[in-house]
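Report on the following structure.
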Amino acid sequence: MPELPEVETVRRGLTRLVGGATIQSVTVLYPKMVSPEAATFVADLTGKTIEKIDRRGKYLLFRFNGDLTMVSHLRMEGKYDVQPAGSPVTKHTHVVFTLTDGRELRYTDTRKFGRMRLMATGKETTLPGLATMGPEPTEATLTFDYMKQRFQKSKKAIKPFLLDQSNIAGLGNIYVDETLWMSRIHPLQEVNTLPDFQIRQLRENIIKELNMAILGHGTTVHSFSTAFGEAGEFQNHLRVYGRKGLACQRCGTPIEKTKVAQRGTAFCPACQKYHKHVKQTMILGLTGGIATGKSTVSAVFREFDIPVIDADAIAHSVLAPGSDGVDQVWEAFGDRVFEAGKLNRKALGHIVFNDADELKRLTDITGPLISAAIKAAVSTYRRKHANLVVLDAPTLFEAGYAAKTNEIMVVKISAAQQLQRLMARDDLSEDQAESRIKSQLPLQNKIEKADVVIDNSGSVETTRVQVVEWLDKMGFIKTPAEDSAG
DNA sequence: GATGTTTCCTGACTGC
DNA sequence: TGCAGTCAGGAAACAT
């Protein structure tokens with residue numbers, strides 16, 4: 001089902017194939033598809049030259065000489081292709097444009113939902129669909145201010161709201177599900193309940209996703225193909241659509257399928273929770289590989305007075321002297337990890353890092369304690385109405401914290417740099433450093449799950465610039481005027 | 001005015 | 001195997 005990226009792919013293909021071509025004759029095999037009535041449609045187009053093909057939302061606009069525009073909507077399964085004149089047509093070919101160069105531009109549509117409308121150029125903006133069409137999803141045209149103002153006015157569920165072309169142009173069922181998953185928003189969440197940070201995430205993801213899909217020549221589901229008859233390749237990148245029952249690529253929970261506004265809707269029940277009381281504080285998960293420079297990034301957040309919850313420090317504190325954690329470790333491991341009544345962390349480490357069962361025994365104790373402490377820290381910042389809280393966790397994915405965040409930032413450097421930095425930092429041999437790196441979830445794997453990647457392979461300043469840009473884009477850096485206004 | 005439902009259409013699929 | 005029923009979905013038309 002063609003959405004904006006597919007229609008744009010068709011537009012580009014057709015421009016190359018039939019731009020400048022002249023129509024010798026037109027055959028309409030399914031009159032209901034065209035307007036004005038077929039005889040007029042045919043007469044008006046005969047002898048006309050395709051000067052240009054534009055696009056608005058999911059509509060194709062064929063521009064002919066003589067100030068004539070054909071507005072064409074592919075709806076569910078419409079397709080254009082170019083064949084030599086006289087070659088056999090299929091039973092689903094409904095309109096044939098015979099060109100003066102011996103080729104035919106054919107329109108095929110199994111469900112006959114597509115429509116073509118011929119009118120004076122300029123008049124197309126008065127068509128019901130085009131007259132009320134929302135902005136194109138680009139950086140320049142889809143602004144945060146527009147979205148915020150529009151979102152405040154509607155109590156609709158976000159899914160049907162995004163499918164409504166008068167709000168934003170070009171989104172269809174697939175990309176709505178994808179961008180809601182990317183933004184961790186439940187499809188039934190009421191539009192006017194979304195906090196600013198989620199509107200910004202959604203905006204960013206819509207623009208990013210549609211651009212990526214255009215680069216990938218669209219998504220092939222059912223029958224979409226480009227003007228060259230090739231399949232698009234973007235379906236290989238889909239994260240929720242058509243993945244019912246498969247593991248969420250972010251948190252591992254099985255993707256569920258439900259119906260929202262009469263549309264099949266895929267979502268992750270863990271990442272995309274419905275919130276009766278929407279939380280205004282954004283939780284950013286910060287992670288990376290060992291020695292990739294996470295602390296350089298967290299220092300930038302601290303510089304802007306943004307609270308950082310350090311999962312490593314919490315992990316250390318849950319086994320502090322006199323804590324419940326220490327009591328439980330004593331019960332589980334006994335005297336062998338205690339010396340003069342005090343926990344011997346080195347001895348404990350030696351046991352658990354050489355035996356997977358013992359490691360599990362320890363993490364079964366510390367895991368829930370760490371989670372509870374993180375939750376308590378987050379609650380404290382929420383009560384203080386913090387806009388943003390950073391959860392700095394080396395094992396964000398491994399420990400299952402990813403689903404508790406609104407966005408994930410991964411810090412990367414090259415494999416060679418990582419090795420060098422680790423050897424220098426911890427005074428390790430190359431073999432030792434390599435084995436430490438290999439014991440972790442591969443950095444590439446984390447990068448693939450990231451919403452934003454910070455490249456820390458350059459100077460501290462270039463890293464800082466990237467973090468500041470992200471803060472600015474997400475609206476977390478106030479101008480002096482906003483600051484004094486509170 | 002905003003929101004919800006039905007309609008258009010055919011092929012693929014499911015269950016008996 | 002054959003058949004009836006269901007599902008897929010973009011946007012306009014209609015209903016609330």
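What you see is a predicted model; the values in this text were computed from it and never measured. Letters go in sequence order (proteins before strands), and every chain restarts at 1. Values reported hereafter were calculated over all heavy atoms of this structure, with side chains retained and with hydrogens, waters and symmetry mates removed.
- Within a 6.0 Å radius of NZ in Lys449(A), more than 12 heavy atoms belonging to other residues, nucleotides or ligands are found.
- Distance CE (Met76(A)) to P (dA11(C)): 10 Å, rounded to an integer number of Å.
- Tested against Leu163(A), the residues Val260(A), Leu171(A), Asn173(A) include a single side chain to side chain contact (heavy atoms under 4.5 Å, CB included) partner, Asn173(A).
- Taking the six-membered ring where tryptophan is involved, the planes of Tyr30(A) and His94(A) are tilted, since the angle between them lies from 30° to 60°.
- Within the nucleic acid shown, Lys159(A) has no heavy atom closer than 4.0 Å to any nucleic acid atom.
- For His92(A), there are no ring-ring contact (aromatic ring centres under 6.0 Å, His included) partners at least two apart in sequence or on another chain.
- Gln165(A) comes within 4.0 angstrom of the backbone, heavy atoms only, and of no base.
- Taking atom NZ of Lys58(A) as the reference point, atom P of dG9(C) lies 12 Å away to the nearest angstrom.
- Closest non-hydrogen pair, Ile413(A) versus Ser457(A), comes out as CG2-N, 3.7 Å.
- Phe62(A) and Phe97(A) have their aromatic ring centers separated by at least 6.0 angstrom.
- To the nearest angstrom, P of dA2(B) lies 18 Å from CD of Glu190(A).
- Between dA11(C), dT3(B), dG9(C), one nucleotide has an atom nearer to the side chain of Asn173(A) than all others, and that is dG9(C).
- By the 6.0 Å contact criterion, NZ on Lys473(A) is enclosed, its count of non-hydrogen atoms from other residues, nucleotides or ligands being greater than 12.
- Residue whose closest nucleotide on DNA chain B sits further toward the 5' end, between Ser154(A) and Gln262(A): Ser154(A).
- In this structure, Arg150(A) atom CZ and dG1(B) atom P are separated by 14 Å, rounded to whole Å.
- Computed from coordinates, the His73(A) NE2 to dA12(C) P distance equals 7 Å when rounded to whole Å.
- The separation between Leu163(A) atom CG and dT5(B) atom C1' is 15 Å, rounded to whole Å.
- When rounded to the nearest whole Å, the span between CG of Asp177(A) and C1' of dA8(C) equals 13 Å.
- Glu3(A) places its CD atom 10 Å from the C1' atom of dG9(C), with the value rounded to the nearest Å.
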Which letters describe nucleotides 7-12 of chain B, given B = protein heavy atom under 4.0 Å from base, S = only from sugar-phosphate, - = neither? -BBBS-
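- Applying the 4.0 Å criterion to OP1 and OP2 of dG1(B), one finds that Lys153(A) has every side-chain N and O outside that range.
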